[in-house]
Amino acid sequence: MYFCSFEKKFKMYREYKSLNLPRIDQEILEFWEANHIFEKSVEQRPGDNRFVFYEGPPSANGKPGIHHVMARTVKDLFCRYQSMKGKRVERKGGWDTHGLPIELNVEKELGITKEDIGKSISVDEYNERCRETVMRYKDMWDDITRKMGYWVDLHDPYITFKNDYIESVWWLLRQLYDKGLLYKGYTIQPYSPAAGTGLSSHELNLPGAYRDITDTSAVAQFKVKGKADEYFLAWTTTPWTLPSNTALAVGKDITYVKVRTYNRYTGKGATVILAKDRLPAYFTEPKPELQPEEVKASNKPIPYLDIVEEIKGAALAGMEYEQLMPYVQPDKPAFKVLLGDFVSTEDGTGIVHIAPTFGADDFKVARENDIPPLMVKDELGNLMPLVDKQGRFVKEVTDFAGRYVKDYGQEEERPVDVDIVIKLKEEDKLFLSEKYVHSYPHCWRTDKPVLYYPLDSWFIKATAVKERMFELNQAINWKPKSTGEGRFGKWLENLQDWNLSRSRYWGTPLPIWRSEDQKEEKCIGSVEELKREIENANQALGLKQQAPNDLHRPYIDEVVLVSDSGQRMMRELDLIDVWFDSGAMPYAQWHYPFENQQVFKDNFPADFIAEGVDQTRGWFYTLHAIAAMVFDSVAFKNVVSNGLVLDAEGNKMSKSKGNVLDPFKTIEAHSADVTRWYMMSNANPWDNLKFDIKGMEEVQRKFFGTLYNSYSFFALYANIDKFYNQEAQVPLSERPEIDRWIISLLNSLVKEVDADYADYEPTQAARKIQNFVNDNLSNWYVRLCRRRFWKPSQQQNGSKTAMDQDKLAAYQTLYECLVAVSKLMAPTAPFFADWLYRNLNNATQSESHESVHLADFPVSNAAVIDKDLEQRMDYAQRISSLVLSLRKKEKIRVRQPLHKILLPILDNHFQEQVEGVKTLILSEVNVKDIEYVTDTSGILKKRIKPNFKTLGRRLGKDMKDASAAIGALNQEDIARIEKTNQYLLELNGNSYELTLEDFEITAEDIPGWQVANDDNITVALDITLDEELEAEGMARDIVNRIQNIRKDKDFEVTDKIRVALQHDEALASAVEQYGDYIKAETLTTDLQLVDSVINGEEIELPGEVKVRISVERQ
RNA sequence: AGUCUCGUAGCUCAGCUGGUUAGAGCGCUACACUGAUAAUGUAGAGGCCGGCGGUUCAAGUCCGCCCGAGACUACCA
């Protein structure tokens, strides 16, 4: 692979035909693996200086997508950075292996539904299938992990279905249980009567779950207690819940009115109460003479007699009313008006009917106000709501007993809602009934409507530690901040208890056993305890049970324990929410507290985690909640939540749209580094990324291409000159301005990039590196210094060619920059960075690290940062740019030297600064001199503007006029202000004393010259030519043509040549005066002007001169 | 429905605590350069800074409302 080595100690710098990034990926990957670079990068750092990272476990049940590359780039980058900063960064991998998606997957593959489990397939068979499925794509995940360069330890990952893991989870649950934070309660959950199962919100969010259906809505009249003909009006889209009504809710600040009118169905007089804002929805206008006939049976708003009273909702609270449909009596006082913050006046009447058994809000507000739900006892004596689990009314609701409350395919004359409405109408309890179209959730499996139904569940009383969680969150550094304060903070403020229960099969079983009468229970916190309890039970109940080898269902369900009073206890059949599994990883990954107590202590809490924003209420929350509740601690100190990866059009990538990008193909085609760099540099990781291949190509060309070019350039000449960084460093003070400049910039860059990485700002870091490489290193430093590298070293003592100091300085400077850049970019583009570093360092052996990832992050040297110098070079760049634009305007080629630049100067410092970079500017733009034009010359035309910042505050309203007045000042005024440093501004009767700093004065023009401006710099160019300049210009053109020929003929850069040039008047003085120059530039040993050139080629020179020239290798 | 993010040139993005010609890169067009050459430089065209209203001497920037895109959470009479 390496070229011949002529000095044994050094290898040459590797040179390439072209940049092939995917091959670099491959080569470096092999190198890392063969030499265990990842392991070394961890182990070489001391254990008492850790940076703790938690890997959020992916599920290997699905294939990795491009968004995973995004999330993992963020993770990898900061870990690599901290590694280079000297931290020991262990990264234990993990797999999330439980949960509904896995079960659904298996069911789909087996073509079964949940009901089949335990019937057509046994639970252990089913779980076995889940266990197999779970790791289905593990190889693919491992592969993408390698290929994208994500360093994570996959040899010993934590796996959530392992017994040890489950045991730690049990231990955590036991801690919560002991703190009284675990309880069983019932709550209103989506429930599918047709499928006989509760549904998770995940299932409700499946596409197609919400569909528009037409329901019969009713506005019912609830009779106010103790008043004749006075009613609360409440609207419902589910009349079947009216028999279960036990309360009404109003808004505290909503204004209600009492309206006298007639019932449209019965014609009876009625005073109805509703929100004032909702009046127009039901009534037209007051009509004191209104007759009952006028309102008859219209579905439209009706007139009313008058408004009797206005009342705030707060004043209604506590009022009682008569039960609307008295089938079942409550066991406690009910039928009261409550205050609910969810009440709005957007639709309905502003009064909400409350059926605590069939609505989440209803349930909550009723419980808070101690209003009972309406329940009956089933045949076993258990309480149940007025609708059974099949979705039918219980027998106690006599009129409708046995009827389905929604459409479950039953055949009937009318929906039960309609019959209820008819009954209310007959009883003078109906104000209005209408058809109503709304979106309603359906069970994705049976396609039938879902009911909100009270179900038993186990909860974690998260609300009890809400404040503490909020407090702890204040200490977490969120990226971006808004996710922590907004999304996460708000979530914590409105925290609900955590519903842990899942009635499923493949998950961590809830370790709670209950006696049959439900009065005694035990929570098991370890396998050992389980064994002990089994032993007890065996003795007490005469059983021969053994602790199961697998803690999953169904084996664990078979375990019978015994209560303190000697009753049999069976396990509560629930599994726990998989999110608890992942939130438990800080402990369970180490099998804490059963093993690894010290390891855990060393690794808790995490310094850093990162996942997608969608994990805010997922993993981020569960980590936080468990740490807060069990350890009264944060689980992580810094968290980066990255946004989504969208397609180029900004659509979410989804399989159904077919716009999913295969991460393998992307990486194979464009390399991991381009993918990573593109993702980090294009937008902040927390913003959504519109993933566009064109953007990737741009990154490849602009950044990697340029950096590669810079390296190739360096390698080409360093090999020729045998520069292996062995010489003593040329002191900075002895290096040219431009070297000191790039070194200064480099050190500024190091400082800023270091700070950006430390602050979890990868985009800032990437952009700064990119900017440095493209604009400063390549387009300025290398471009301007090219000839320093290829000019021949000065002969010393006639024989020995030692590199002269200027050339050496150039090599040392460029080398230093390239090595530093490789280190700065290493966290983000680990492959290319290592390739670059190793190409450099393998040749020079200057550092002992075999990989850039084992090196230390560069340290900025404040002593070499020279802001004045940086500004100087900025002037040089801008002035050069202006001169070039003038040349272009005047159509004068750059090879034609010119006499001078005129540069107006406004202060001495500016002149000093420009003087420092004068030679640079002159050679860049091919001009002989700079002439500074000062004020005193009197030829400058100046422009004056107010300084809005200083004046704005003082002048206030007069600012506008001041701006006009100041703009109108003439050259003499400006001169006077500059001289006296004061100006009295009279405006609108006010006078203001202004000083120089209240103005911005710029030189704008030099009358009679072509000028160009850039902000506060103005440049003019002297374009007059004389013979000598023309001769020099011609000489340069001749050099140029000879160089082209050299290149056409594929001469080596070092080949010496002989040149014969056909004589022409136009060339004569050029060759005469600049012959030596031409020879030196082109490595010509012999330059002849001859009458005719037989061989060779024709060249064209300025002035339409055509001559023949012959160029021969010596 | 609520919460949060985003909306600036054809595309991707900068625009700090409000300060007066709104920037960069890419793309496009033209020109130049040619010992980094499947590179490089210069110039040009291209913007009611999503809309409306407000605060202010001054708004891309602050506030309110609306529209659009997206995410999450919830599902409501």
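Each chain gets a letter, A, B and so on, in the order the sequences are listed, and its residues count up from 1.
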Without decimals, in angstroms, what is the distance between [X] [atom1] and [N] [atom2]?
| X | N | atom1 | atom2 | answer |
| --- | --- | --- | --- | --- |
| A/D775 | B/G23 | CG | P | 17 Å |
| A/D958 | B/A58 | CG | C1' | 14 Å |
| A/R878 | B/G23 | CZ | P | 13 Å |
| A/K690 | B/U5 | NZ | P | 18 Å |
| A/E611 | B/C72 | CD | P | 15 Å |
| A/L777 | B/U40 | CG | P | 14 Å |
| A/Y781 | B/A39 | OH | C1' | 20 Å |
| A/Y992 | B/C57 | OH | P | 12 Å |

Among the candidates [options], find the nucleotide nearest to the side-chain atoms of [X].
| X | options | value |
| --- | --- | --- |
| A/R767 | B/A36, B/A14, B/U21 | B/A14 |
| A/R893 | B/U40, B/C33, B/C57 | B/C33 |
| A/N779 | B/U40, B/A39, B/A58 | B/U40 |
| A/K960 | B/A58, B/A36, B/U12 | B/A58 |
| A/Y452 | B/A36, B/C75, B/C26 | B/C75 |
| A/V782 | B/A36, B/A39, B/C13 | B/A36 |
| A/K949 | B/U12, B/C33, B/U17 | B/U17 |
| A/R943 | B/A43, B/U21, B/G19 | B/U21 |
| A/F948 | B/G41, B/A36, B/U20 | B/U20 |
| A/N709 | B/U42, B/C26, B/A36 | B/A36 |

Taking every non-hydrogen atom, the tightest pair across [X] and [Y]:
| X | Y | value |
| --- | --- | --- |
| A/V1039 | A/I1078 | CG2-CA, 3.8 Å |
| A/L233 | A/I351 | O-CB, 3.2 Å |
| A/V894 | A/N926 | O-ND2, 2.7 Å |
| A/C817 | A/L777 | CB-CD1, 3.8 Å |

Open item on the list: Tell me whether A/E1000 is salt-bridged to A/K949, with the criterion being a basic N under 4.0 Å from an acidic carboxylate O.
Closed with: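 Here A/E1000 does not pair with A/K949 in a salt bridge, since their nearest N and O are not under 4.0 Å apart.
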Task: Salt-bridge present (A/R1036, A/E1081; N to O < 4.0 Å) - done: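 No, this pair does not count.
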- [ ] Could you pick out which residue, A/K694 or A/T483, lies toward the 5' side of RNA chain B when each is mapped onto its nearest nucleotide?
- [x]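 Checking each residue's closest nucleotide, the 5'-ward one belongs to A/T483.
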Task: Position toward the 5' end of RNA chain B (nearest nucleotide), A/R1036 or A/N688 - done: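 Comparing both residues, the 5'-ward one is A/R1036.
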Select base, sugar-phosphate, or nothing to describe what [X] touches, counting heavy atoms under 4.0 Å on all strands.
| X | answer |
| --- | --- |
| A/E1081 | base |
| A/G695 | nothing |
| A/Y717 | sugar-phosphate |
| A/A683 | sugar-phosphate |
| A/T237 | sugar-phosphate |
| A/N1040 | sugar-phosphate |
| A/S18 | nothing |
| A/R701 | sugar-phosphate |

Using atom [atom1] of each nucleotide, how far apart are [N] and [M] to the nearest Å?
| N | M | atom1 | result |
| --- | --- | --- | --- |
| B/C63 | B/G10 | C1' | 33 Å |
| B/G68 | B/C31 | P | 47 Å |
| B/U17 | B/G60 | C1' | 16 Å |
| B/C48 | B/U42 | P | 27 Å |
| B/G70 | B/G50 | C1' | 15 Å |
| B/A59 | B/U21 | P | 14 Å |
| B/U8 | B/A14 | C1' | 10 Å |
| B/A69 | B/U56 | C1' | 32 Å |

Partner lookup for [N], please. Criteria are Watson-Crick or G-U wobble with both distances under 3.5 angstrom; report none if nothing qualifies.
| N | value |
| --- | --- |
| B/A1 | B/U73 |
| B/A59 | none |
| B/A39 | none |
| B/G44 | B/C28 |
| B/G18 | none |
| B/C65 | B/G51 |
| B/A9 | none |

- [ ] Run the ring-centre check on A/F789 versus A/F713 and record whether the distance is less than 6.0 Å.
- [x]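 Aromatic pair counts; centres sit under 6.0 Å.
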- [ ] Decide if the gap between the ring center of A/Y13 and the ring center of A/F714 is smaller than 6.0 angstrom.
- [x]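 So the answer is yes for these two rings.
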Open item on the list: Can you list everything that forms a salt bridge (Lys or Arg N to Asp or Glu O under 4.0 Å) with A/D958? Sequence neighbours excluded, please.
Closed with: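 Listed in chain order: nothing, the list is empty.
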TODO: Flag the pair A/T763 / A/D756 as yes when at least one side-chain heavy-atom distance between them is below 4.5 Å, and no otherwise.
DONE: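 No, side chains not in contact.
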TODO: On the 0 to 90° scale, with breaks at 30° and 60°, tag the A/Y282-A/F431 ring pair as parallel, tilted or perpendicular.
DONE: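 The rings of A/Y282 and A/F431 stand perpendicular, inter-plane angle above 60°.
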Protein-nucleotides 59-64 of chain B N/O pairs closer than 3.5 Å?
none

TODO: Without swapping roles, check the side chain of A/Y708 against the backbone of A/L836 for a donor-acceptor pair under 3.5 Å.
DONE: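 The answer is no, because no donor-acceptor pair under 3.5 Å joins these two groups.
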Open item on the list: I'd like to know if A/S778 reaches the base of B/A36 with its side chain, counting only an N/O donor and acceptor under 3.5 Å.
Closed with: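 Between B/A36 and A/S778, which were checked side chain against base, a qualifying N/O pair under 3.5 Å is present.
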Task: OP1 or OP2 of B/A36 under 4.0 Å from side-chain N/O of A/R786 - done: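 Yes, A/R786 has a side-chain N/O under 4.0 Å of OP1/OP2 on B/A36.
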